[in-house]
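All chains are named by letter (A, B, ...) in the order of the sequence lines, taking the proteins before the strands, and each is independently numbered beginning at 1. We use all heavy atoms of the structure for the numbers below, so side chains are in, but hydrogens, waters and symmetry mates are not. No experiment lies behind these values; they were computed from the predicted model shown.
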Amino acid sequence: MITGLFFYLFAAITIASGLMVITARNPVHAVLFLILAFFNAAGLFVLMGAEFLAMLLVVVYVGAVAVLFLFVVMMLDIDYANMREGFQRHLPLGLIVGGILLVELLVIFAGPGTTIGVADVDLTRSNTQQLGDVIYTDYLFLFQLAGMILLVAMIGAITLTMRHREGVKRQSIALQNARTREETVALVSVENNQAPESILPNNKSESKVLR
Amino acid sequence: MGGFEFFPAIAEIFLAIVSIILVLVAAFGGEDAKASALMRKLAVASLVVTGLLVVSYGNTPSFAFGNLFMTSPFMVYMKLLVLFGATIILLMSRGHVARDNINRPEFPLLILLSVLGMMVLISSNDLMVLYMGIELQSLPLYVIAAMRRDSVRSSEAGLKYFLLGALSSGLLLYGASLIYGFTGSTNYGEIASSLSQGVSNGAVIGIVFLISGMAFKISAAPFHMWTPDVYEGSPTIVTAFFAVVPKLAAMTLFLRVSYGMLGSASDSWQQVVVAIAMASMIIGALGAIMQTDLKRLMAYSSIAHMGYALVGMASAQAEGISAVMVYMAIYIVSSIGIFALILTLSREGTAVTKINDLAGYSRTHPLYAACMLIFLFSMAGIPPLGGFFGKWFVFSAAVNAGLVPLAVFGVLSSVIGAFYYIRIIKVMYVDDVSDALDQPDRRTNGLIILSMAVITALMVFVLSSLREGIMGTLPYIAFIAG
């Protein structure tokens, strides 16, 4: 009973916040509603007994993806009012496409002769344990491949964004630590009413380094 | 799940380790120009070693990593083609990366990683590995398409490729999840045995999604929209890579999935492949007619060629598969030749890619023009060049499978296609020299162009033994864990 109640609660909030994501005027609100939808979907996963997926959803989607969205939305100067102009015009087409997809899915999943095959699951152990059993053993290959993909993503991001700029003043901690009193401090007796001559060391090779 | 045998994947493991080491070489290799020359040499060497490993250890049909990975003579053939293509492209890149302003140590590295993804893709025996392989091969491609940061077109190409590639990965993943849901397994063998007992509606929809995703990767119509823009916008050397290597890997996957995994459900994918093949042939032929840029023209030409290859596949018979494999081998040889030639085109040091720039090419560069003639005639399918036999095999396979209308359609569109190839030849041989192109000074490219032209021209002599060798590998496409 209670489970059913929670199911309808989570499901209703998920759908409602999903609707708000696409209708909210303020993009920041849209992202916040997206986060709400994620949380409620995680709740649905918990109800199904998939606690690992639920945690993953919160950690990955709320923790990383949605926060990233929020950053992008806040930092980029995008004219959202302009982007929305086509919304009314494209609405009928979108509804038609969505409607067709919905009917198709209903035909597949609720239609006659549909049997969904699922691999056998050991119900006595939690799914986190079961994932732990296979992920570094049976699926080692996939795990390593995922590592390679992340390496590519890293190299790609660096390749596309890193630039070697000329004339940038960089701080060098090693140089700062290695400097001695003699290099930097000079005692000069200054005559009254006379500016001192330039006494700073004029080392060109270090001119780009802040000391 | 079988044991944790990893030896059959030794070539892939080697390539992965080498690329990780090369990351360090790239990082500590000093200034860009010097480091990238070193990287290119190391990358070529490691591709060659990988090829040797593939030949030495891949030929016995075997599984690794608990049925996730398999290797067999069929895969060895395809992997060797991929490695051959990638090695030649890396050799060609010498000098041209500097001109295109992408002379950075990451370029060979990303090509290596992409090749690793393709090898995994070819050897995949599980839907999850398929997806991982696709991502690993495409991500580096997105990056190298956008690598020329000072050019808006290159960034546009990279972004377009990335967005549409992500969309197609989504389609593919959705199809894979439906197939998993309706057959109960992600393993090709188990899916095949489940489908042989009957194909449910859901599985059919999954298959269609999966095929759409793969059709995107080989840029077959109606999933071809990205191709001309990406080919035109990317640096030419990158375009050459796109036109040759990823297509080969994706086509192998297509063969493996359609014959190996869905072999018993061929009714459910045959019409789809027929439709895609027809659309690709006609769009490729008609789209190319109006093009003025060689790279865009090659994009449409590659769409059409994928269509012809799919004609062989649509036959759903062993003869058709061997025809596709011969076709792909001929296609990559003449594509490499054409792109090596496009790379040499420059006027006063600036690269040019317009068809009109070739005016009078036969008088200024008689040898290269003759090679281009061979490539173009081969692509148009004029006997006795290689391309003719490729087309002959795929069309006869289609006729033997009872797909006569498809074959007739294919012949008609290749007649239309011949028009634009011959137009280039007319520009080269008949038009007057307007403004002479530079004499190419790089010997590597000349050598590649000449040897590809010789292979294309003399293909007819090795064809029967090539075909025989390919036929021997066919039983292993549908090879499934016992």
Side-chain angles (χ1 to χ4, degrees), chain A residues 48 50 53 65 68 72 76 78 97-98 100-122 130-166, chain B residues 1-2 4 6 9 12-13 16 19-20 23 26-27 31-32 64-69 102 104-107 109-110 113-114 116-117 120 126 128-129 131-133 135-140 142-144 146-147 149 155 158 178 180-186 194 198 200-206:
Chain A
M48 286 165 68
L53 267 184
V65 177
L68 207 66
V72 172
L76 290 188
I78 298 173
V97 172
I100 292 175
L101 195 65
L102 182 70
V103 171
E104 281 174 349
L105 289 179
L106 284 177
V107 168
I108 309 170
F109 289 108
T114 295
T115 47
I116 297 186
V118 178
D120 290 331
V121 180
D122 175 10
Q130 288 178 17
L131 269 174
D133 284 346
V134 291
I135 193 165
Y136 305 116
T137 55
D138 289 356
Y139 294 134
L140 175 73
F141 186 53
L142 294 167
F143 184 73
Q144 293 291 340
L145 276 181
M148 293 306 289
I149 293 175
L150 289 178
L151 178 70
V152 171
M154 204 161 73
I155 297 171
I158 293 172
T159 310
L160 291 181
T161 54
M162 194 176 76
R163 277 162 208 272
H164 294 288
R165 286 212 188 90
E166 292 299 317
Chain B
M1 287 288 159
F4 300 129
F6 66 86
E12 282 77 8
I13 295 173
S19 14
I20 292 170
V23 174
E31 56 180 308
D32 275 4
F65 298 107
N67 281 351
L68 290 176
F69 181 95
I102 53 166
R104 280 186 290 159
E106 289 89 356
F107 179 69
L109 179 65
L110 287 167
L113 286 165
S114 178
L116 174 65
V120 168
D126 191 286
M128 290 188 281
V129 182
Y131 181 68
M132 289 295 199
E135 287 301 296
L136 185 53
Q137 74 125 15
S138 333
L139 269 178
Y142 306 147
V143 177
I144 56 176
M147 209 161 182
R149 288 186 307 206
S155 307
L178 281 176
Y180 170 59
F182 285 95
T183 58
S185 176
T186 55
S194 161
S200 58
N201 281 343
V204 172
I205 294 191

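Interface residue B:V129: backbone and side-chain heavy atoms are both found under 4.5 Å from chain A. At a 4.5 Å heavy-atom cutoff, the contact between B:L116 and chain A is made by side-chain atoms alone. With a 4.5 angstrom heavy-atom cutoff, A:A157 does not touch chain B via any of its atoms. Using a 4.5 Å cut-off between heavy atoms, B:S155 makes no contact with chain A at all. In this structure, chain B has heavy atoms under 4.5 Å from both the backbone and the side chain of A:I149. Residue B:V204: no heavy atom, backbone or side chain, is found under 4.5 Å from chain A. Contacts of B:L113 with chain A are made by side-chain atoms alone, with heavy-atom separations under 4.5 Å and no backbone atom involved. Contacts between A:M162 and chain B at a heavy-atom distance below 4.5 Å involve the backbone alone (N, CA, C, O). With a 4.5 angstrom heavy-atom cutoff, B:L110 touches chain A only via side-chain atoms.
Rounded to the nearest 0.5 angstrom, B:E12 CD and A:L145 CG are separated by 9.5 Å. Here the straight-line distance linking atom CD of A:Q144 with atom CE of B:M132 works out to 11.0 Å at 0.5 Å rounding. Rounding to the nearest 0.5 Å gives a distance of 8.5 Å between CZ of B:R149 and OG1 of A:T159. The CG atom of A:L105 sits 8.0 Å away from atom CG of B:L178, with the distance rounded to the nearest 0.5 Å.
Ring geometry, B:F65 versus A:F141: the interplanar angle falls under 30°, so the pair is classed parallel (tilted spans 30 to 60°).
Evaluated for a side chain to side chain contact (heavy atoms under 4.5 Å, CB included) with A:V152, the options B:S114, B:P140, B:S138 yield exactly one hit, B:P140.
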